[in-house]
> 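What follows is a single structure, and I will ask about it in a moment.
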Amino acid sequence: GEDVEQSLFLSVREGDSSVINCTYTDSSSTYLYWYKQEPGAGLQLLTYIFSNMDMKQDQRLTVLLNKKDKHLSLRIADTQTGDSAIYFCAEVPGSSYKLIFGSGTRLLVRP
Amino acid sequence: EPEVTQTPSHQVTQMGQEVILRCVPISNHLYFYWYRQILGQKVEFLVSFYNNEISEKSEIFDDQFSVERPDGSNFTLKIRSTKLEDSAMYFCAREGQPSYTFGSGTRLTVV
């Protein structure tokens with residue numbers, strides 16, 4: 001089946017690290033993605049990871065992939081107020097080219 | 001210059017009317033997609049379009065919906081007879097091996 005789940009809400013203090021978690025069901029997924037959506041805006045690709053990797057780091061962003069548990073996480077270091085947004089996890093199932101999105105995690109960064 | 005341009009940014013239409021949403025993916029990519037996001041909900045796959053044909057479609061994409069790439073450039077989504085529940089943000093996307101780039105969306109409001 002194709003399903004991606006995320007927690008709905010995360011609140012952190014400015015300067016702290018944020019960790020957003022995601023689980024997916026398709027073990028044959030080739031790529032997994034993180035998108036950011038600010039209020040009233042479109043979907044901005046933050047980063048992606050290939051399924052044969054465990055970790056990917058890109059400046060303040062670290063993606064961890066546990067393929068055995070089908071668990072993906074996004075860590076944002078030194079979280080800023082501008083990071084407040086909805087973060088969507090997404091997978092590309094092995095049988096398809098379409099993106100399947102999670103329900104999104106709303107990140108609130110408190111000053 | 002954005003890689004995927006959508007027009008209009010906002011469309012208001014009366015129930016039962018036809019609407020055409022437009023997307024200009026500035027590239028030579030072959031895979032294009034339409035997604036929908038009802039306010040406050042997850043991003044849902046509608047249809048994928050490859051080599052001028054529908055490659056895959058979801059249950060949402062019923063007979064009221066159609067897609068075309070009439071001139072090899074513009075990529076359109078037509079809703080023949082809009083319903084109130086068609087009110088949503090509609091995103092066009094193109095697949096870029098392996099990233100997916102989304103347009104800024106068209107907000108469709110059916111009244």
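This is a predicted model, so every value here is computed, not measured. Letters go in sequence order (proteins before strands), and every chain restarts at 1. Quick note: numbers below take in every heavy atom, side chains included, and nothing from hydrogens, waters or symmetry partners.
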> What part of B:Tyr33 is in contact with chain A, defined as an atom under 4.5 angstrom from a non-hydrogen atom: side chain, backbone, both or neither?
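The side chain, not the backbone.
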> Just wondering, are more than 12 heavy atoms of other shown residues or ligands nearer than 6.0 Å to NZ in B:Lys57?
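Result for NZ/B:Lys57: open.
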> With a 4.5 angstrom heavy-atom cut-off, is it the side chain or the backbone of A:Phe50 that approaches chain B, or both, or neither?
neither
> Looking at A:Gly40, A:Ala41, A:Ala90, A:Gly102, which makes the most heavy-atom pairs under 4.5 Å with chain B?
A:Gly102
> Name all pairs fulfilling the side-chain hydrogen bond (donor to acceptor under 3.5 Å, both in side chains) condition that reach into residues 37-54 of chain A, sequence neighbours left out, sorted by first residue then second.
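Listed by first then second residue: A:Gln37-B:Gln37.
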> More than 12 heavy atoms of other residues, nucleotides or ligands under 6.0 Å from CG of B:Asp63: yes or no?
no
> Counting only heavy atoms not in B:Leu39, do more than 12 sit closer than 6.0 Å to its CG atom?
no
> For the CD atom on B:Glu85, are there more than 12 heavy atoms of other groups (residues, nucleotides or ligands in this structure) within a distance under 6.0 Å?
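Check passes, neighbour count above 12.
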> Does a side-chain heavy-atom distance below 4.5 Å link A:Tyr35 with B:Val43?
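Heavy-atom side-chain distance check fails, nothing below 4.5 Å.
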> Between atom OG of B:Ser99 and atom CG of A:Leu99, what is the distance when rounded to the nearest 0.5 Å?
10.0 Å
> Using non-hydrogen atoms and a 4.5 Å limit, figure out which bit of A:Leu45 sits close to chain B: side chain, backbone, both or neither.
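Interface part for A:Leu45: side chain.
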> Does A:Met53 CE have over 12 foreign heavy atoms under 6.0 Å away?
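Count over threshold, so yes.
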> A cation-pi test, strictly: NZ or CZ of B:Lys42 under 6.0 Å from the centre of the six-membered ring of A:Phe101 and no more than 45 degrees from its axis. Yes or no?
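No, B:Lys42 does not sit over the ring of A:Phe101.
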> Contact part of A:Tyr97 toward chain B, heavy-atom cut-off under 4.5 Å: side chain, backbone, both or neither?
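For A:Tyr97, the contact with chain B is made by backbone and side chain together.
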> Side chain, backbone, both or neither: which part of B:Tyr50 has a heavy atom under 4.5 Å from chain A?
neither
> Would A:Leu64 end up clustered with A:Val19 when hydrophobic side chains under 4.5 Å apart are linked, directly or stepwise?
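No, because A:Leu64 and A:Val19 fall into different hydrophobic clusters, even though each may have its own neighbours under 4.5 Å.
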